[in-house]
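Report on one structure; see the data block that follows.
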Amino acid sequence: MLVAAAVCPHPPLIVPELAGAAAPELDELRTACARAVAELRAAHPDVLVVVGTAPQTRVYGGRSAGSMAPWGVDVRTGHGEPTLPLSLTIGRWLLDDDPDRFQAVAADASPAACLALGRDLAAEGRVGLLVMADGSACLTEKAPGYYDPAAPPYQEMIVKAVAEADAGALAALDPGEAERLWVGGRAALQVLAGAAEEGHYSGRLLADIAPYGVGYVVGVWR
């Protein structure tokens, strides 16, 4: 069963070497993510999996490497040649250690497929998930996806579900609306929802910010 989960975003600028002089702007986010990872580890899961949205669904070994070179600086995590997509690269950077494996889930995966993947992960024993999930990138006029009035309420729905450990609310996220509102973590959040279906969890919100018009939420489920 799922014993704990941490939800964190995966903006490249969370890595200080990429942010440069702007690095202090995300200090709050880095601190919150570090706390979430620490609480996830404190649950002592037997299996630790990093889940993140990517172009396709596939599994990577726990020693897999990622690089931030496509975003400007070749900061590396893991071992060997970089193969991890952005979300899992940031997850490995936050962990600063090897998980048991990385699970990529396709950005266009159906809710049913995401939920089924989560159920399969939770069936592996005492499982902990580090779920890498950006929110909407349409929260302000300067956001990457520009402003959409539907984005703030959709983002609030995600924040509330993370804060309250509401797997049902995450399972109900509409993929078409998520795509339109540039919600980068919809699929990964629905994997979490599937993993949490059979348990009762308490949630705690550690951060809810949108410094660049993109929703970044950090939370812990136990």
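Only this structure's heavy atoms are used, side chains among them; waters, hydrogens and symmetry mates stay out.
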Test log, rule side chain to side chain contact (heavy atoms under 4.5 Å, CB included), inputs Trp93 and Ile14: CA-CA 10 Å; Trp93 182 82; Ile14 199 171; 4.1 Å; yes
Restricting to non-hydrogen atoms, name the atom on Arg30 and the atom on Pro16 that form the minimum distance, rounded to 0.1 Å. NE-CG, 3.7 Å
Kindly indicate, with the supporting measurements, whether the criterion side chain to side chain contact (heavy atoms under 4.5 Å, CB included) is fulfilled by Asp98 and His79. CA-CA 9 Å; Asp98 297 333; His79 315 271; 2.9 Å; yes
Under the salt bridge (charged side-chain N to carboxylate O under 4.0 Å, His left out) test, which residues partner Glu177, sequence neighbours left out? Arg180
Among the clusters formed by ILVMFWY side chains lying less than 4.5 Å apart, do Ile209 and Ile158 turn up in the same one? no
Verify the cluster assignment for Leu189 and Leu2: are they in a single hydrophobic cluster under the rule of side-chain heavy atoms below 4.5 Å apart? yes
Should the pair Lys160-Glu156 be classified as a salt bridge under the 4.0 Å nitrogen-to-oxygen rule? no
Would Glu124 and Arg119 pass as an ion pair if we require N to O under 4.0 Å? no
Check for me, please, whether Val105 and Leu86 land in the same ILVMFWY cluster - side-chain distances under 4.5 Å, paths through other members count. no
Going by the side chain to side chain contact (heavy atoms under 4.5 Å, CB included) test, name the single residue among Leu29, Val50, Asp134, Leu94 that passes it with Cys8. Leu94
SG-OH distance between Cys138 and Tyr146, expressed to the nearest 0.5 angstrom: 11.0 Å
Is a side-chain N or O of Gln190 found less than 3.5 angstrom from the main chain of Leu170, in a donor-acceptor match? yes
Scanning both residues in full, the closest heavy-atom pair of Ala65 with Gly80 reads CB-O, 3.5 Å
Is there a side-chain contact between Val51 and Leu130, using heavy atoms and a 4.5 Å cut-off? no
Flag, side chain of Arg126 to backbone of Val47, donor-acceptor distance under 3.5 Å: no
One thing to verify: whether Asp97 and Arg92 come together as a salt bridge, which I'm taking to mean a side-chain N less than 4.0 angstrom from a carboxylate O. no
Quick one: CG on Leu129 to CG on Leu40, what's the gap to the nearest 0.5 Å? 8.0 Å
Please walk me through it: do Val220 and Arg35 pass side chain to side chain contact (heavy atoms under 4.5 Å, CB included)? CA-CA 9 Å; Val220 177; Arg35 289 174 58 197; over 6 Å; no
Side chain to side chain, Pro9 and Val218, heavy atoms closer than 4.5 Å: yes
Thr89 (side chain) donor-acceptor with Leu84 (main chain) under 3.5 angstrom: yes
So, for Ala167 and Ala196, which heavy atoms are closest and what is the spacing to 0.1 Å? CB-CB, 4.1 Å
Any side chain to side chain donor-acceptor pair (under 3.5 Å) involving residues 48-68? Give me the pairs, sequence neighbours left out, ordered by first then second residue. Ser67-Asp74
Leu95 and Arg41: which non-hydrogen atoms are nearest, and at how many Å? O-NH2, 3.3 Å
Checking Ala171 now: which residues fulfil side chain to side chain contact (heavy atoms under 4.5 Å, CB included) with it, not counting sequence neighbours? Leu115, Ala193
Run the numbers on Tyr154 and Val183 for side chain to side chain contact (heavy atoms under 4.5 Å, CB included), then give the verdict. CA-CA 9 Å; Tyr154 197 98; Val183 178; 3.8 Å; yes
Working to the nearest 0.5 angstrom, can you tell me the gap between Leu88 CG and Met132 CE? 8.0 Å
Exercise: identify the closest heavy-atom pair between Pro55 and Ala106: O-CB, 3.9 Å
With a 4.5 Å cut-off on side-chain heavy atoms, are Asp108 and Pro175 touching? no
Heavy-atom check, side chain of Pro45 versus side chain of Val127, under 4.5 Å: no
Within 6.0 Å of CD in Glu179, more than 12 heavy atoms from elsewhere: no
Applying a strict under-4.5 Å side-chain criterion to I, L, V, M, F, W and Y, I'd like to know whether Val214 and Leu173 cluster together. no
With distance as the sole test, does Tyr216 use its side chain to make a donor-acceptor pair with the main-chain N or O of Leu26 at under 3.5 Å? no
Do Leu13 and Trp71 have side chains that approach each other closer than 4.5 Å (heavy atoms only, starting at C-beta)? no
Taking all non-hydrogen atoms of both residues, which atom of Ala43 and which atom of Ala4 are closest, and how far apart? CB-CB, 3.5 Å
Under a single-linkage definition using a 4.5 Å side-chain heavy-atom cutoff for Ile, Leu, Val, Met, Phe, Trp and Tyr, are Met68 and Tyr212 assigned to the same hydrophobic cluster? yes
Counting distance only, does the side-chain N/O of Gln155 pair as donor-acceptor with the main-chain N or O of Ser136 below 3.5 Å? yes
Whether over 12 other heavy atoms sit under 6.0 Å from Trp182 CH2: no
Distance col, row Leu192:CG vs Leu117:CG, nearest 0.5 angstrom, shows 11.5 Å
